[in-house]
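What follows is one structure encoded as structure tokens, with my remarks underneath.
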Amino acid sequence: MSFQPHHYPGMFISFEGIDGAGKSTHIPYFSQLIQERFPLHKVLLTREPGGTVLGEKLRQLLLNDAMDAKTEALLMFASRQEHIAQIIEPALKRGDIVISDRFTDSSFAYQCGGRGLKIDELNALEQWVQSRPELGHAYLIQPQLTLLFDLSAKVAEERRSSTRNPDKFEELDLDFFNHVRNEYLRRASQDPQRFVTIDSSQPISSIQSILKDCVNQL
Ligand code: TMP
């Protein structure tokens, strides 16, 4: 496993997966491992949509209000722009380790895979918000490491229904989540240096040992 290099002194890691795949369960454990491995760095836990005051207001709209798919994509990227400008980029410049519960892979998975927007449309938004031409022709602010929690849409739905009240996305059907999952897997196969795909149907202890291996290789 070799992780993508980064221009900034900090490190950027994201957690991804369909709703119910279990990523949120593992973030606290993972961040503790990271803090132990890098005791001199500040570890910052954040999330999308959200992560800033404005981003959290946008999150409320995004998770509760019906809207056109393009509006949804634009608001996800509006939240991301604030997040990068206020939180992520300054933290990476300081040398902090940023762990985000979701980032742009969620937009490709949900808004393209799930809602059916075109990849090129999202590529344009990604370029607009995340490219830094002064740091290199193809440079994008993006995670060096993305942990993708992969689970069948059916099992994820069963897990969700036993643990929480559904938000707007979580009410969507198996077909939607199958498409979201497939888009995640497609992206992971296209960028094997950045993604670690974890079979989320395993016991928690097995997932924790995969996370330990990952952290030890950073
Ligand atoms: P969360 O509770 O895991 O943070 O989920 C937020 C929801 O927002 C989740 O259903 C996925 C969705 N989402 C998108 O559709 N596009 C995005 O770009 C992001 C960041 C989240």
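When a ligand or atom number is given, it counts from 1 through the structure's own listing order.
Annotation: H26, atom NE2; neighbour count of heavy atoms from other residues, nucleotides and ligands within 6.0 Å is above 12. For CG of D173, the number of neighbouring non-hydrogen atoms (other residues, nucleotides, ligands) closer than 6.0 Å is greater than 12.
Those atoms of ligand 1 with a heavy atom of R59 less than 4.0 angstrom away are 1 (P), 2 (O), 4 (O). Counting atoms of ligand 1 from 1 in the listed order, those under 4.0 Å from a heavy atom of Y110 are 10 (O), 11 (C), 14 (C), 15 (O). Contact atoms of ligand 1 toward S106: 16 (N), 17 (C), 18 (O), 19 (C), 20 (C), 21 (C) (distance under 4.0 Å to a heavy atom of the residue).
For ligand 1, the polar-atom distance check against D19 finds a nitrogen or oxygen pair separated by under 3.5 Å. An N or O contact shorter than 3.5 Å is missing between D101 and ligand 1 by distance.
Remark: R181 is not positioned above the aromatic ring of F176, lacking an NZ or CZ atom under 6.0 angstrom from the ring centre and at most 45 degrees off the axis.
In this structure, Q81 and W128 have side chains that are not in contact, with every pair of non-hydrogen atoms separated by 4.5 Å or more. Side-chain contact between L218 and F38 is present, with heavy atoms from C-beta onward closer than 4.5 Å. Looking only at side-chain heavy atoms (C-beta outward), R102 and K23 come within less than 4.5 Å of each other.
The pair R187-D105 meets the salt-bridge criterion, with a side-chain N (NZ, NE, NH1 or NH2) lying under 4.0 Å from an Asp/Glu carboxylate O.
Tracing side-chain contacts under 4.5 Å through hydrophobic residues (I, L, V, M, F, W, Y), one reaches F108 starting from L117; they form part of the same cluster.
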Pair F15-L145, side-chain contact (heavy atoms from CB on, under 4.5 Å): steps then yes or no: CA-CA 9 Å; F15 275 60; L145 166 64; over 6 Å; no
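Q142 and Q130 form no side-chain donor-acceptor contact under 3.5 Å, judged by distance and modelled atom types alone.
Shortest contact from atom 14 (C) of ligand 1 to any protein heavy atom: M76 CE, 3.2 Å. Shortest contact from atom 5 (O) of ligand 1 to any protein heavy atom: R102 NE, 3.3 Å. Closest to atom 16 (N) of ligand 1 among all protein heavy atoms lies Q111 OE1, 2.8 Å. The protein heavy atom nearest to atom 18 (O) of ligand 1 is S107 OG, 2.5 Å.
By the criterion of a heavy-atom distance under 4.0 Å, the side chain of R80, and not its backbone, is placed next to ligand 1. Under 4.0 angstrom from ligand 1, the non-hydrogen atoms of K23 all belong to its side chain. Using a 4.0 Å cut-off between heavy atoms, S79 makes no contact with ligand 1 at all. Neither the backbone nor the side chain of E170 has a heavy atom within less than 4.0 Å of ligand 1. Under 4.0 angstrom from ligand 1, the non-hydrogen atoms of E48 come from both its backbone and its side chain.
When the heavy-atom distances from atom 21 (C) of ligand 1 to A21, A73, P49, S24 are ranked, the shortest goes to P49.
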